[in-house]
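Please read the structure below before turning to the comments.
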Amino acid sequence: MNKMAHLIVIGAGPAGLSAAASAAEQGLPVTVLDEFTEPGGRMPGQYHEEGSQGWWIGKHVSDELITRCEELGVDIRCGVSVHGMEYTTTWEISTSYGLFTAEYVLLATGAAEIPVPLDGWTLPGVMSIGAAQVLTNVHYVKPGERGIIVGMNVLSMAIARELSVAGVKVAAITLPCAGPLAGAAADPTASAKLLLQLSGLAPAAWMRAGGKLAATMRMEKLIARCYPHRGFRLWDIPIRLRTAVKSVNGQDRVESVTLVHVKPDGSPIAGSERVEPADFVALSGGLYPLAELAAVAGCKFVYSPELGGHVPLHGERMETSLKGLYVAGNITGIESGLVAMAQGRLAAASMIHAAGLGGAGGEQRVQEAIRGVHFARKHALIQFHPGITEARTQLYQQWEHFSSGSGA
């Protein structure tokens, strides 16, 4: 099979679908490829508050984007795995359904989870926090009756609330035990700093104000030292900053976990172990950009912890170091779905302008889309990593250095 399209979008999540709809609105033929059986990416499983904008209900947003793409004639092909990319006179995309070619390609491949392994994690009933989210919000199946979430980060806190709202009992959110693979995730001080940065998610105004003040005063070390072992409750979920899961226990499935109190530096307190019943455990180590296809294509990369790891070098217009190849969404750095959608619209505007199809208003639409990304980033309630604005600025400086020729 050999299909010619002006634009191929790889990834049918918020960035990919938003880009496809925006490009199709300007008359650009678009084909969307995704390895999953249905479009939408992670969106169908997401819902959370976005401040004054109310609740983000990913299923509704996904359905609206899919409907809009279908109305515009976007060719969405699911169940298609992409395993190779090469540029000759056009981009050649090697897939499980044959070869596709296009003048422009957008990589909107999203992100993957980083579960932190622990003793007993191969037992049935141990899953990633994202799997618990999909079971609950997409398939309407409880992951269990009583669970423990291991890992304190944006993902675990946001999904813990989703599970709670859906009626799933979360007995506690804890840390993993200190070890070579746990890293900072097992450090109460690092976790306290992150919790302060997430204070905007708190249900009460005094919690949000207090968290913001404590973050400004850099009180994470004091909080880690003084935090009670029993924890504090948020959305009726105990947040146990000074407790770690030592092991998951059971014969043929999860039956309990062994908890241990830890010191402010994360080291276990001898003799403090206790067993708590649970029938599921959700592991949350955060997200990293899924950028393998960009590497296969030959993109230049940069490393930025604030963006989630290695990301393709790209400019503010979402262009990469390779002709006709653009990126949008979590492949460019871990941010919220709202930011990914704005980046998708920006990538579409940039490609249309680069192709000379935008007319006299092409550059204006690009600038408007850039402002849209800035607005979405500024007002997004969920921020995965601190310092992301500064990291973006540094990335774009590196891009300018490269594109000027001095970094080539």
Margin query: If you define the side chain from C-beta out and look only at heavy atoms, does anything of V150 sit under 4.5 Å from V116?
Written below: no
Next item on the list: Would you please say whether a donor-acceptor pair under 3.5 Å links the side chains of S256 and E276?
Entry: no
Item checked: Closest heavy-atom pair and its distance - G120, V126 -> O-CG2, 3.8 Å
Note to self: For E35, is there an ion pair with R77 - N to carboxylate O distance below 4.0 angstrom?
What the structure shows: no
Next item on the list: Give, for atom CG of L325 and atom CE of M318, the distance between the pair rounded to the nearest 0.5 Å.
Entry: 11.5 Å
Note to self: For K169, I'd like to know if atom NZ has over 12 heavy atoms of other residues, nucleotides or ligands within 6.0 Å.
What the structure shows: yes
Next item on the list: For T67 and E64, indicate whether the former's side chain and the latter's backbone hold a donor-acceptor pair under 3.5 Å.
Entry: no
Next item on the list: Show your working on side chain to side chain donor-acceptor pair (under 3.5 Å) between T90 and E103 and close with a plain yes or no.
Entry: CA-CA 5 Å; T90 59; E103 297 169 81; over 6 Å; no
Next item on the list: Report yes or no: does D34 contribute a side-chain atom to a donor-acceptor pair with the main-chain N or O of G79 at less than 3.5 Å?
Entry: no
Notebook entry, point to check: When you check the gap from the basic side-chain N to the acidic O, do E390 and R392 get nearer than 4.0 Å?
Noted result: no
Check: So, for H310 and F301, is the gap between ring centers shorter than 6.0 Å?
Finding: no
Notebook entry, point to check: Regarding Q394 and Q398, is there a side-chain donor-to-acceptor distance under 3.5 Å anywhere?
Noted result: no
Next item on the list: Quick one: pull up OG1 in T31 and CG in D75 and give me the separation to the nearest 0.5 Å.
Entry: 4.5 Å
Notebook entry, point to check: Does L259 offer a backbone N or O that forms a donor-acceptor pair with the side chain of E273 under 3.5 Å?
Noted result: no
Check: Of all heavy-atom pairs between S164 and I237, which one has the smallest distance, and what is that distance?
Finding: CB-CD1, 4.0 Å
Check: So do the side chains of I10 and L106 get within less than 4.5 Å of each other, counting heavy atoms only?
Finding: no
Notebook entry, point to check: Looking at NE2 of H60 and CG of L65, how far apart are the two atoms once the value is rounded to the nearest 0.5 Å?
Noted result: 13.0 Å
Checklist line | Lys/Arg-Asp/Glu bridge criterion (N-O < 4.0 Å) met for E25, R68 | finding: yes
Margin query: To the nearest 0.5 Å, what is the distance between CH2 on W121 and OG on S128?
Written below: 10.5 Å
Notebook entry, point to check: So, the side chain of R242 versus the backbone of V262: is there a donor-acceptor pair under 3.5 Å, distance only?
Noted result: yes
Margin query: Looking at every heavy atom in both W399 and H314, which two are closest together, and how far apart are they?
Written below: CB-O, 3.5 Å
Item checked: Student check: side-chain heavy atoms of T320 and L313 closer than 4.5 Å -> no
Notebook entry, point to check: Any side-chain heavy atom of C78 within less than 4.5 Å of one from P39?
Noted result: yes
Check: To the nearest 0.5 Å, how far apart are CZ in R161 and OG in S156?
Finding: 14.5 Å
Check: Any side-chain heavy atom of F280 within less than 4.5 Å of one from V168?
Finding: yes
Margin query: When you compare the side chain of R317 with that of V366, does any pair of heavy atoms fall below 4.5 Å?
Written below: yes
Note to self: Using every non-hydrogen atom in the two residues, find where A111 and I334 come nearest and quote the distance to one decimal.
What the structure shows: CB-CD1, 3.6 Å
Notebook entry, point to check: Quick one: are D265 and D187 in side-chain contact, heavy atoms under 4.5 Å?
Noted result: no
Next item on the list: Look only at the side chain of N153 and the backbone of S284, and say whether a donor-acceptor pair between them is shorter than 3.5 Å.
Entry: yes
Notebook entry, point to check: Side chains of L307 and V302: closer than 4.5 Å at any heavy-atom pair?
Noted result: no
Next item on the list: Work out which heavy atom in A178 is nearest to a heavy atom in G266; give both atom names and the distance.
Entry: CB-O, 3.9 Å
Check: Side chain of T393, backbone of T389: donor and acceptor closer than 3.5 Å?
Finding: yes
Notebook entry, point to check: So how far is it from Q133 CD to L155 CG, rounded to the nearest 0.5 Å?
Noted result: 7.0 Å
Check: T332 side chain to G329 main-chain N or O, any donor-acceptor pair under 3.5 Å?
Finding: yes
